[in-house]
Visitor: 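Sharing a structure here in structure tokens format.
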Amino acid sequence: MNNLFDETHDPKRKSWVASAQGHADFPIQNLPFGIFSPQGEAPRGGVAIGDEILDLKAALASGLFSGQAQEAAAAAAGAALNSLMALGIAPRNALRKRLSALLAADGADRARVEKLSATLLHKAAECMLHLPAAVGNYTDFYAGIHHAVNGGRRRGRDEPLFLNYKYVPVAYHSRASSVVTSGTSIRRPSGQRELPGEAVPSFGPCRKLDFELELGVWIGPGNALGEPISIAQAADHIVGFCLLNDWSARDLQVWESQPLGPFLAKNFGTTVSPWVITVEALAPFRQPQPPRPAGDPRPLPYLWDDCDQQMGAFDVELEVLLSTEGMRTKGMPPQRLAVSNTNHLYWTVAQMVAHHTCGGCNLQPGDLFGSGTISGPTPSGYGSLIELSQDGKQPITLASGETRAFLVDGDEVIFRASARRGGYVSIGFGESRGRVS
Ligand code: MN
């Protein structure tokens, strides 16, 4: 993890794209990759800059890249970013540096690029955003320790965490086919439900529909089957991050999960934010993994790396908002339900990669991890309704006067995230949105 900082993080660097200055999500220091289509045109790779999207295909055709940056731009010009993800750090970072130079107010090529801006730039509001990659595999971890503790307490266990929790980055293999991009509506699933007072399960629409606030992780080159990725090498395989909503049908989950874990409760939809916030962009917001509480076991050697412990965690603030039909009718803005932070993860992303592959499982470019629900230690940080409403026993009251135990049709769940640190320019993730229908 050498050379984390370069000119792309310079807080003094400004863009000639006016809307990038002071932009909450996409100043020139961010430069996230995504897949977009201008009206009526085919999807292709782009980079968010302020309120605009730079078209990588058009920039490539204009001859703005050479060397490794050109290789990366060519890999990002198609309808999915898997090829870019497969290239790894060096070409991706070369492209980032070149894009930063092309968009910089004092860049050597500014006049040439600005002249091309009618073909290179599209207003983001007029474009469709798509899934950034074809997701081959999606694995959902359980690394938010406060969420895990809350779940154990809810189930009445004296010791809320299972013994394995502090040794194993617990996860299950989830469903890739139903990962959708922000803005896609989520249809309430039907399935077998078991509710108190009912002698036998019934089939019907989920009555405990929930969201889960998670960090999504986009995987890069990956490994050959049978060849583990060591924790020291794990960073080479982490491309970047998104917001991830692991929609959950709690009444289906509680009935079906014994003993193999969630199935239909989690496979009907997972929403991700469309922009890949690269690890390079997040370099200023790295932090040490918080020390384990006294008495917790030290991770086994294959999960321990000094460098990862020193800088493998991230300080990213996460926010959940809810917009109900009632709020929209009254012209009320979405209401914030919780604020949390990625530093509540008990395991680093590198530890997840090392554990996922230690038995030989092969990761592939465009694979997706969910971190697990990232709740804070107190109710103001709870990242799911089952925690916020205590499994429906204490519905929350909204500013509109409505109450919520779980989601009702028409509810829209919005996630946002931002990273801040003194001396650096803040960056954001954009949004993950999904409305229940
Ligand atoms: Mn989850």
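Counting convention: from 1, in listed order, for ligands and their atoms alike.
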Visitor: Between His355 and Tyr302, do the side chains contain a donor N or O and an acceptor N or O under 3.5 Å apart?
Guide: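 Yes, a side-chain donor-acceptor pair sits under 3.5 Å.
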Visitor: Within the 3.5 Å criterion, strictly below it, is a donor on Ser375 or Thr373 matched to an acceptor on the partner's side chain?
Guide: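 Checked: Ser375/Thr373 side chains show no N/O donor-acceptor pair below 3.5 Å.
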Visitor: Looking at Asp140, which of its N, O or S atoms is the nearest one to the Mn ion (ligand 1)?
Guide: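 Looking only at N, O and S atoms of Asp140, the one nearest the Mn ion (ligand 1) is named OD2.
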Visitor: Among the N, O or S atoms of Glu214, which one sits nearest to the Mn ion (ligand 1)?
Guide: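 Nearest N/O/S atom: OE2.
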Visitor: Taking salt bridge (Lys or Arg N to Asp or Glu O under 4.0 Å) as the test, write out the residues that go with Lys97, two or more places apart.
Guide: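 Once residues adjacent in sequence are excluded, Lys97 has no partner under the salt bridge (Lys or Arg N to Asp or Glu O under 4.0 Å) criterion.
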Visitor: Report the name of the N/O/S atom of Asp246 located nearest to the Mn ion (ligand 1).
Guide: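 The nearest such atom is OD2.
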Visitor: Of all N, O or S atoms in Glu212, which has the smallest distance to the Mn ion (ligand 1)?
Guide: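 Result for Glu212 and the Mn ion (ligand 1): OE1.
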Visitor: Judged by modelled atom types alone, do His23 and Asp51 share a side-chain donor-acceptor pair under 3.5 Å?
Guide: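 There is such a pair between these side chains.
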